[in-house]
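Take a look at the structure below.
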Amino acid sequence: MIDVDSQSCLSPVRLMGCKRTWQPAMRVALPFDGMNMLPISLCIISFIAMPSGMQEAVSAESEQINAKGIDFFESMIRPVLVSKCYACHSGEAAKSKKLKGKLLLDSKAGVLAGGESGPAIVPGRPEQSLLIEAIRHESFEMPPNGRLDDNVIRDFVKWIKMGAPDPRDGQQIDLRSLDLQAGREHWAFLPLGNPQLPTVHDQKWIRNPVDRFVLSKLEQHKMTPARQADRRTLIRRAYFDLIGLPPSPQDVKQFLEDPSDAAYENLIDELLDNEHYGERWARHWLDVVRFGESEGADLTHNELRLNAYRYRDAVIKSLNTDLPYDKFVAYQIAGPRFVDSSPLATDLGQFPQLGTTLQDGSNPNDKLFDKLDDMVSATGSAFLGLTIGCARCHDHKIDPVTSEEYYRLTAVFFDQVQVEPRAKNREIPLKVREPHLLAGGSWQRPVKRVTPGFVEVLMRGGSRSEDWLTEIADAHTSDPLHALALWMTDVDRGAGQLLARVIVNRVWQHHFGRGIVDTPNDFGFLGAKPTHPQLLDWLAGELIRNGWQLKPLHRLIMNSAAYRQASSDVWIDVDRDNRRIWQHQTRRLEAEIIRDNILSVSGALKRQLYGPSIVVGSIRKGNAFDDDPETWRRSIYMMAPRFDIHPVLSVFDAADNVQSVGARTVSTTPSGALFMLNAPFLWRQAELMAQRIEKEAGRVPDDQVEYIYEVAFARRPSEEERTLGIEFLTRLPAKNEKKDKSALVHYCHAVMGLNEFIYIR
């Protein structure tokens with residue numbers, strides 16, 4: 001391709017004069033054969049053969065034209081750029097974080113390069129120049145506070161027609177370099193520090209290093225921690241936190257009768273070794289990885305994925321065996337590519353495919369890039385706490401992640417997406433068959449081919465994506481997924497330190513109800529800042545030093561004095577959200593654990609582990625949810641199709657499994673109370689609980705009330721509660737109540753409807 005003006009061959013002055021006169025005027029393809037090249041060749045030869053005096057005249061005329069263009073720019077264009085544009089489109093604006101659209105207008109290179117939407121001008125062609133559209137307010141509106149005068153707009157049109165002469169020779173600022181520099185100074189992307197343990201005044205309160213960081217913050221604000229919770233509160237809290245089930249009265253009795261100082265520490269060890277620990281913490285992880293067991297295109301195109309349960313079971317097994325978290329992550333990204341002959345890695349390797357798929361009638365090009373976007377977005381959110389998916393259409397507006405990096409990540413997953421080139425019965429070819437950078441995120445606008453790569457701001461020591469990609473070049477296969485797993489878990493040069501920060505924050509969040517970083521899926525510039533940054537770094541360092549095992553992290557957190565605090569309201573006016581951790585905040589159980597708790601206290605819960613999911617009805621087919629003894633397993637084993645949500649789970653804010661969920665919403669609505677009051681499932685479980693109470697506590701009302709509180713709340717009733725309970729159980733039924741359920745059933749039902757039943761403190 002050679003750019004020529006349609007009249008460039010008619011005048012040696014136009015051909016050899018200022019390049020701006022002809023370069024963009026017309027683009028034509030010229031095969032290199034003698035006939036087509038002849039006119040241009042003759043023009044060039046004629047100029048070369050021209051007498052020297054004529055050449056000097058041509059040069060003088062060209063210089064005169066240039067001088068007029070530059071004078072016009074200096075007098076009519078530059079003053080407007082300085083007064084109206086530089087505040088948002090200059091190097092100074094970039095350095096002060098005020099740059100808009102990544103467009104620099106303070107240098108010739110910047111104007112020609114343009115911003116996020118492409119080149120600002122096409123010299124010689126004002127009708128094709130985005131700058132003219134913008135100052136006319138035809139698309140973008142520049143300046144935003146008012147349209148320029150028509151005479152000024154005409155000057156810009158004239159300037160571009162002249163070829164946009166511009167004497168400014170300053171180099172365009174490297175915005176990527178600025179982004180990286182600023183990004184690497186962001187707290188989440190800095191190397192993990194080695195914080196010293198803070199010095200505190202109240203040494204007696206300290207149980208382990210965690211407490212020094214917490215107490216130091218409290219003392220800075222002249223606050224004091226709450227007292228330690230009593231043993232009954234602690235055992236119920238620990239049971240729900242670690243295994244998601246209530247302690248039995250026998251468990252509580254044994255714990256209370258252990259006089260040793262190590263009784264609580266021993267309890268934590270026992271629960272971490274309990275096989276139900278994996279079920280409880282797998283539920284948290286399934287939210288993060290958008291686990292679903294159906295395609296999820298929409299309600300009518302929601303085919304089940306019958307083997308998805310294997311991923312869920314693999315997560316439970318990994319947590320129970322305390323598989324190091326870096327391997328846990330690597331197995332999910334690379335599967336058997338990371339470790340040969342491992343069923344666990346094979347099943348965990350389903351992670352990229354867990355997301356939704358567009359329906360069969362969708363354009364296959366849309367299906368391809370929608371699936372790739374799901375994989376890249378989920379990977380960024382789940383493992384790194386980054387909204388990488390925001391860079392699909394343009395460079396990330398906030399974080400230092402470019403659109404090209406996003407598409408290099410799609411190249412990592414490209415071979416994992418197999419799309420048939422058809423929509424139902426129509427053949428629709430795939431336009432992009434290799435990884436490409438797409439303009440505006442559209443497959444209709446491929447820009448250039450890209451190779452697999454990662455996020456540069458998370459690399460250290462001058463490392464490049466190719467360093468990890470070539471590390472496995474000698475292996476039996478050079479797999480970009482393997483390389484991604486290596487980069488993500490590389491503590492020294494790659495993303496490993498951020499990986500550690502993110503998972504430590506998730507663990508803390510589920511023990512305290514709030515993370516040290518309150519936005520667990522966003523550690524970028526728009527995310528919340530850590531309330532205790534040194535504690536976060538210290539815990540992340542401990543995780544790495546302990547071989548990435550999560551159970552020691554649980555043990556460290558739960559054995560701290562900070563975790564053992566009681567609930568309180570002393571500093572509620574100072575720190576309502578408990579950001580300084582001055583108490584243990586009361587919080588509601590998740591939907592699945594509420595259901596498990598109901599089944600547990602009734603004695604109906606089936607506790608076998610693993611296996612295919614329990615199918616419980618279908619909204620699409622109009623079937624009622626069949627909740628019978630065969631389905632009374634833990635809720636994590638219930639089928640998790642998209643759109644079909646079990647009623648117990650739907651009223652208590654079950655996670656949306658279409659995308660990664662870092663923290664569930666907790667709503668308080670009448671529907672929850674009405675469900676607990678009226679649902680047939682609750683009445684049936686109340687009947688079973690009444691049978692259990694009679695069997696284990698006898699028929700004496702006093703003993704029954706005592707035992708019901710032990711079963712439901714791991715505590716004894718107060719005197720007032722005891723009196724009311726006995727009165728309720730001994731009342732004579734009215735005549736119209738003869739066929740009604742027994743008083744004990746009603747009492748058990750009422751107890752399960754109390755707030756305390758679904759809250760832990």
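As the structure is a computational prediction, the values presented were derived from the model and not from experiment. Residue numbers count from 1 along this sequence.
Counting heavy-atom neighbours within 6.0 Å of Lys327 NZ, excluding the residue itself, gives a total of 12 or less. Annotation for Gln196: atom CD does not count as buried by contact number, only 12 or fewer foreign heavy atoms lying within 6.0 Å.
Judged purely by atom type and a 3.5 angstrom limit, Arg579 has no side-chain atom pairing as donor or acceptor with the backbone of Thr531. Distance alone, capped at 3.5 Å, is enough to place a donor-acceptor pair between the Arg588 side chain and the Ser667 backbone. Remark: side-chain polar atoms of Asp399 are not paired, donor with acceptor, to backbone N or O of Val401 under 3.5 angstrom. Judged by distance alone, the side chain of His436 and the main-chain N or O of Leu438 form no donor-acceptor pair under 3.5 Å. No donor-acceptor pair closer than 3.5 Å links the side chain of Arg237 to the backbone N or O of Ile760.
Ile636 places a side-chain heavy atom less than 4.5 Å from the side chain of Ile316. Between Tyr277 and Leu271, every side-chain heavy-atom pair lies at or beyond the 4.5 Å cut-off. Using a 4.5 Å cut-off on side-chain heavy atoms (C-beta onward), Val412 and Thr379 make no contact. Counting only heavy atoms from C-beta outward, the side chains of Arg184 and Glu456 approach each other to under 4.5 Å. You'll find the side chain of Leu458 reaches within 4.5 Å of the side chain of Trp487, heavy atoms only. Two residues are said to be in side-chain contact when any heavy atoms from C-beta on lie closer than 4.5 Å; Ser403 and His394 fail this criterion. At least one side-chain heavy atom of Gln332 sits less than 4.5 Å from a side-chain heavy atom of Trp285. The shortest side-chain heavy-atom distance between Leu543 and Leu550 falls under the 4.5 Å cut-off.
Nearest approach of Pro520 to Val502, heavy atoms of both residues: O-CG1, 4.2 Å. The shortest non-hydrogen separation linking Asn559 to Arg564 is O-NH2, 3.2 Å. Taking each heavy atom of Asn302 and Ser294 in turn, the nearest pair found is OD1-OG, 2.6 Å. Here the closest non-hydrogen pair linking Leu384 and Ala495 is CD2-CB, 3.8 Å. Among all heavy-atom pairs drawn from Pro400 and Phe525, the shortest one is CD-CE1, 3.7 Å. Shortest non-hydrogen contact noted between Asp467 and Thr470 is O-OG1, 3.3 Å.
Seen from the ring of Trp468, Arg493 counts as a face-on cation partner, given the 6.0 Å and 45° thresholds. Remark: Arg290 qualifies as a cation-pi partner of Phe351 under the 6.0 Å distance and 45° angle criteria applied to the six-membered ring. Tyr563 does not carry Arg207 over the face of its six-membered ring by the limits of under 6.0 Å from the centre and within 45° of the normal.
Ion pairing between Arg587 and Asp241 holds under the 4.0 Å rule for side-chain N and carboxylate O. The pair Glu542-Arg545 meets the salt-bridge criterion, since a charged nitrogen lies less than 4.0 angstrom from a carboxylate oxygen. Between Asp322 and Lys551 there is no salt bridge, since none of the side-chain N atoms of the basic residue sits less than 4.0 Å from a carboxylate O of the acidic one. Looking at Lys317 and Asp313, no side-chain N of the basic residue comes within less than 4.0 Å of a carboxylate O on the acidic one, giving no salt bridge. A salt bridge is defined here as a Lys NZ or Arg NE, NH1 or NH2 lying under 4.0 Å from an Asp or Glu carboxylate O, and Arg460 with Asp492 fails to meet this definition.
With rounding to the nearest 0.5 angstrom, the CD1 atom of Ile503 is 8.0 Å from the CZ atom of Phe328. Here the CG atom belonging to Asp347 is positioned 8.5 Å from the OH atom belonging to Tyr309, to the nearest 0.5 angstrom. Rounded to the nearest 0.5 Å, atoms CE (Met488) and CZ (Phe454) are 8.5 Å apart. Taking CD1 from Ile206 and CG from Leu197, the interatomic distance works out to 9.5 Å, rounded to the nearest 0.5 Å. To the nearest 0.5 Å, atom CG of residue Leu535 and atom CZ of residue Phe213 are 6.0 Å apart. Rounding to the nearest 0.5 Å places CD1 of Ile243 at 9.5 Å from CD of Glu275.
Partners of Asn320 according to the side chain to side chain donor-acceptor pair (under 3.5 Å) rule, which considers only residues two or more places apart in sequence or in another chain, do not exist here. By the side chain to side chain contact (heavy atoms under 4.5 Å, CB included) test, Pro336 is found to be paired with Thr346, residues two or more places apart in sequence or in another chain being considered.
With ring centers used as reference points, Phe523 lies under 6.0 Å from Trp187. A ring-centre distance under 6.0 Å is not found for His221 and Trp582. With ring centers used as reference points, Trp508 lies 6.0 Å or more from His511.
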Go through it in stages, so that I can follow the logic: the residues are Asp518 and Asp577, the test is side-chain contact (heavy atoms from CB on, under 4.5 Å), and I'd like the CA-CA distance, side-chain angles, deciding distance and then a yes or no.
CA-CA 11 Å; Asp518 204 21; Asp577 294 328; over 6 Å; no
Criterion side-chain contact (heavy atoms from CB on, under 4.5 Å) on Arg595 and Phe652, from CA distance to verdict
CA-CA 10 Å; Arg595 177 178 177 274; Phe652 292 112; over 6 Å; no
Determine, step by step, whether Lys371 and Glu295 satisfy the salt bridge (charged side-chain N to carboxylate O under 4.0 Å, His left out) criterion, reporting the C-alpha distance in whole Å, the side-chain angles of both residues, the deciding distance to 0.1 Å, and the verdict.
CA-CA 11 Å; Lys371 192 69 174 176; Glu295 297 295 331; 5.6 Å; no
side-chain contact (heavy atoms from CB on, under 4.5 Å) between Ile544 and Leu192: does it pass, once the steps are laid out?
CA-CA 11 Å; Ile544 295 169; Leu192 284 176; 3.8 Å; yes
Stepwise, does the side-chain hydrogen bond (donor to acceptor under 3.5 Å, both in side chains) test hold for Thr387 with Asp522?
CA-CA 6 Å; Thr387 55; Asp522 190 357; 4.7 Å; no
Give the intermediate values and the outcome of side-chain hydrogen bond (donor to acceptor under 3.5 Å, both in side chains) for residues Arg312 and Ser613.
CA-CA 10 Å; Arg312 177 206 64 213; Ser613 298; 2.7 Å; yes
Would you check, one step at a time, whether the test side-chain contact (heavy atoms from CB on, under 4.5 Å) holds for Arg408 with Thr451?
CA-CA 6 Å; Arg408 293 192 74 184; Thr451 57; 3.3 Å; yes
Go through the steps for Tyr406 and Asp373 under the test side-chain hydrogen bond (donor to acceptor under 3.5 Å, both in side chains), then give the verdict.
CA-CA 9 Å; Tyr406 168 90; Asp373 180 67; 2.6 Å; yes
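Remark: of the listed residues Glu592, His510, Glu590, Glu590 is the sole one forming a side chain to side chain donor-acceptor pair (under 3.5 Å) with Arg280.
For the 3.5 Å distance criterion, the side chains of Tyr311 and Gln353 fail to qualify, holding no donor opposite an acceptor. Side chains of Asn208 and Ser560: a donor-acceptor N/O pair is absent below 3.5 angstrom, by distance only.
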